[in-house]
Amino acid sequence: MTSAAITGWGKCLPPATVTNDDLATFLDTSDDWITSRTGMKERRISHVGVSELAYVAASRALAAANMNAKDLELVVLASCTFDSMLPNASSKVQYKLGAKNAACYDLNTACTGFMYALSTANALIKTGVVKNAVVIGAETMSQPIPWMDRSLSVLFGDGAAAWVLEASEDGSGILAERLGCIAEARDILAIDYGFTPPGEPRNDLCHWNFQGQDIFKKAVNAMAKASIDVLKEAGLKPSDVDLCVPHQANKRIIDAVAKKVGIPAERAFVNVHRYGNISSATVPVAVVEALEENRMTPGAYVLMPAFGAGLTWSATLMKWGDRTLPYRQSDVELPPCSDSGLELIHKIMADRGEPLPTKP
Ligand SMILES: CC(C)(COP(=O)(O)OP(=O)(O)OC[C@H]1O[C@@H](n2cnc3c(N)ncnc32)[C@H](O)[C@@H]1OP(=O)(O)O)[C@@H](O)C(=O)NCCC(=O)NCCS
């Protein structure tokens, strides 16, 4: 039976970093509070738009798969911070890659975006519509963040990662998946953004509705249930899972999901301390890092639960293929950045006409 094997992978993290101590220079917060409540230590701030991060990650994934861009048939870009809505941002990635034979579409389910994008590309490959695809999760969460709101601005970061999928008969790829949405709770994680009908209030990218504790509980329950369901469907036990790579929104959420599903803590991959929550990019970045750190073994069973605004939820169980090393490296790089993370935050705030932050 044809499956979609993952044959290439690449990440792109912008270089400018903001530590918890940097945030404490202008917010009433501390490294202690952020570390103990979230597990986060630092996050990246991008000096380029989402499509540039996505392009670099996709170039690296194509090199890892040893695939020529002209042979690519599909580009799927998942994000909730697109740098262009019309035309779609994936067309810019297709153009920059020189992947002129590829169809392209954008997808937004917030933090679950990469998992939903992976699901659609997997289905198109399995049904023979395309033979291969590059699936990308890319975010510049620094753009809509209300930087002076400590309950939000410590949580998110920027970055991207991409995987190449190819039709294969080797039995690797997605084994089982669940996708869903708790739409009655859609307002507990929302940014006013989009076109409004006449007479309704104007949108404001920086106006967030965010009920962290409620999201936390719903995230844990939905990810755990979906994980248990996919394991059951695949006829596997929690002890069969070689690596759990969950959405990285909070270390305490990761620990709670692993405990509920019955996965030992040492089998849950965590990199939230390095990047914070990069929304749709968290799981693909974490899988790339698991490969780099030799935590992905040939034939490994990998469980990937995720959760995001919507409130969308998902769990994806995959079997890794034989290869854990890239065929080759790409020489594509981001343009250089001379600004520090704090300087980039100041620029974002200045662009919005907001006063520059001062010491609390
Ligand atoms: C956001 C989150 C880390 C907050 O942790 P929490 O333990 O629930 O903390 P609370 O919101 O109850 O806040 C506790 C106190 O810390 C304060 N606080 C909030 N942010 C703070 C910060 N950055 N620094 C210091 N204090 C902070 C609050 O004001 C509150 O003070 P009070 O008790 O005097 O009112 C946690 O709820 C969470 O991770 N939620 C889900 C994350 C999420 O939705 N991610 C996006 C979707 S995937």
Side-chain angles (χ1 to χ4, degrees), residues 18-43 78-81 108-116 137 139-159 179-183 185-191 193 208-224 226-227 245-258 260 270-273 275-286 304-315 345 357 359-360:
V18 170
T19 64
N20 293 347
D21 287 335
D22 289 336
L23 291 172
T25 62
F26 68 94
L27 292 172
D28 183 13
T29 192
S30 64
D31 177 46
D32 264 4
W33 192 95
I34 302 170
T35 306
S36 63
R37 297 296 191 142
T38 70
M40 297 170 189
K41 296 299 267 184
E42 56 187 43
R43 65 286 296 141
S79 183
C80 57
T81 49
N108 174 13
T109 61
C111 298
T112 57
F114 182 85
M115 308 321 301
Y116 275 64
E139 299 287 1
T140 52
M141 295 303 290
S142 58
Q143 291 291 334
I145 283 287
W147 278 104
M148 296 311 289
D149 182 346
R150 67 176 183 175
S151 65
L152 279 163
S153 53
V154 306
L155 299 177
F156 295 93
D158 300 343
L179 306 173
C181 183
I182 312 167
R186 65 193 295 275
D187 291 335
I188 67 171
L189 176 45
I191 311 177
Y193 178 53
W208 289 54
N209 193 14
F210 181 78
Q211 295 169 32
Q213 286 189 358
D214 204 4
I215 301 165
F216 189 114
K217 287 179 213 146
K218 287 185 164 63
V220 171
N221 288 335
M223 287 200 281
S227 297
V245 188
H247 174 48
Q248 312 275 318
N250 186 324
K251 170 77 164 58
R252 291 189 294 138
I253 294 179
I254 295 171
D255 292 344
V257 171
K260 262 182 174 261
V270 179
N271 64 358
V272 72
H273 51 291
Y275 309 122
N277 180 351
I278 2 172
S279 188
S280 68
T282 58
V283 174
V285 167
M304 300 170 289
F307 194 83
L311 299 170
T312 55
W313 53 264
S314 66
I345 290 173
K359 227 175 157 54

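Counting convention: from 1, in listed order, for ligands and their atoms alike. Scope of the values below: all heavy atoms of this structure, side chains included, with no hydrogens, waters or symmetry mates.
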Given side-chain contact (heavy atoms from CB on, under 4.5 Å), test Asp21 with Glu42 step by step and report yes or no. CA-CA 9 Å; Asp21 287 335; Glu42 56 187 43; over 6 Å; no
Verdict with supporting geometry, Met304 and Met115, side-chain contact (heavy atoms from CB on, under 4.5 Å): CA-CA 8 Å; Met304 300 170 289; Met115 308 321 301; 3.9 Å; yes
Considering only the protein, which heavy-atom contact is closest to [atom], and what is its distance?
atom: atom 8 (O) of ligand 1; answer: Gln213 CG, 3.1 Å
atom: atom 47 (C) of ligand 1; answer: Leu189 CD2, 3.4 Å
atom: atom 5 (O) of ligand 1; answer: Arg252 NH2, 3.5 Å
atom: atom 9 (O) of ligand 1; answer: Arg37 NH1, 3.7 Å
atom: atom 48 (S) of ligand 1; answer: His247 NE2, 3.3 Å
atom: atom 40 (N) of ligand 1; answer: Gly212 O, 3.0 Å
atom: atom 30 (C) of ligand 1; answer: Arg150 NH2, 4.8 Å
atom: atom 44 (O) of ligand 1; answer: Ile215 CG2, 3.1 Å

For [atom], is some protein heavy-atom partner under 4.0 Å away?
atom: atom 12 (O) of ligand 1; value: yes
atom: atom 23 (N) of ligand 1; value: yes
atom: atom 32 (P) of ligand 1; value: no
atom: atom 35 (O) of ligand 1; value: no

Looking at non-hydrogen atoms alone, which of Asp31, Asn277, Asp149 comes nearest to atom 45 (N) of ligand 1?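 Among Asp31, Asn277, Asp149, the closest heavy atom to atom 45 (N) of ligand 1 belongs to Asn277.
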Taking the minimum heavy-atom distance to atom 43 (C) of ligand 1, which of Trp33, Phe210, Phe216, Phe156 ranks first?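 Nearest option to atom 43 (C) of ligand 1, by heavy atoms: Phe210.
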With a 4.0 Å heavy-atom cut-off (strictly under), which part of Thr29 contacts ligand 1: side chain, backbone, both or neither? both
Return yes or no for this condition: an N or O of Asn250 is under 3.5 Å from an N or O of ligand 1.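 Checking ligand 1 against Asn250, an N or O pair does fall under 3.5 Å apart.
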I want to know if ligand 1 touches Ile253 in the polar sense, i.e. an N/O pair below 3.5 angstrom.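 N/O-N/O distance under 3.5 Å: no.
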Relative to the heavy atoms of [X], which atoms of ligand 1 are at a distance of less than 4.0 Å?
X: Ala249; value: 48 (S)
X: Phe307; value: 48 (S)
X: Val154; value: 23 (N)
X: Thr38; value: 3 (C)

For Phe210, which of Ile191, Ile215, Ile188 qualifies under side chain to side chain contact (heavy atoms under 4.5 Å, CB included)?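 Per the side chain to side chain contact (heavy atoms under 4.5 Å, CB included) rule, the option paired with Phe210 is Ile215, out of Ile191, Ile215, Ile188.
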When Val154 is tested against each of Asn20, Val18, Leu27 for side chain to side chain contact (heavy atoms under 4.5 Å, CB included), which residue passes? Leu27
Walk me through whether Arg150 and Asp28 qualify under side-chain contact (heavy atoms from CB on, under 4.5 Å). CA-CA 7 Å; Arg150 67 176 183 175; Asp28 183 13; 3.7 Å; yes
Are side-chain N/O atoms of Asp22 and Thr19 paired as donor and acceptor at under 3.5 Å?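 Distance-only check passes for Asp22 and Thr19.
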I'd like to know if the side chain of Thr312 pairs up with that of Thr109 as donor and acceptor (distance under 3.5 Å, no hydrogens or angles considered).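 The answer is no; no qualifying pair exists.
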Take Phe216 and Arg252, measure what side-chain contact (heavy atoms from CB on, under 4.5 Å) needs, and give me the verdict at the end. CA-CA 9 Å; Phe216 189 114; Arg252 291 189 294 138; 3.8 Å; yes
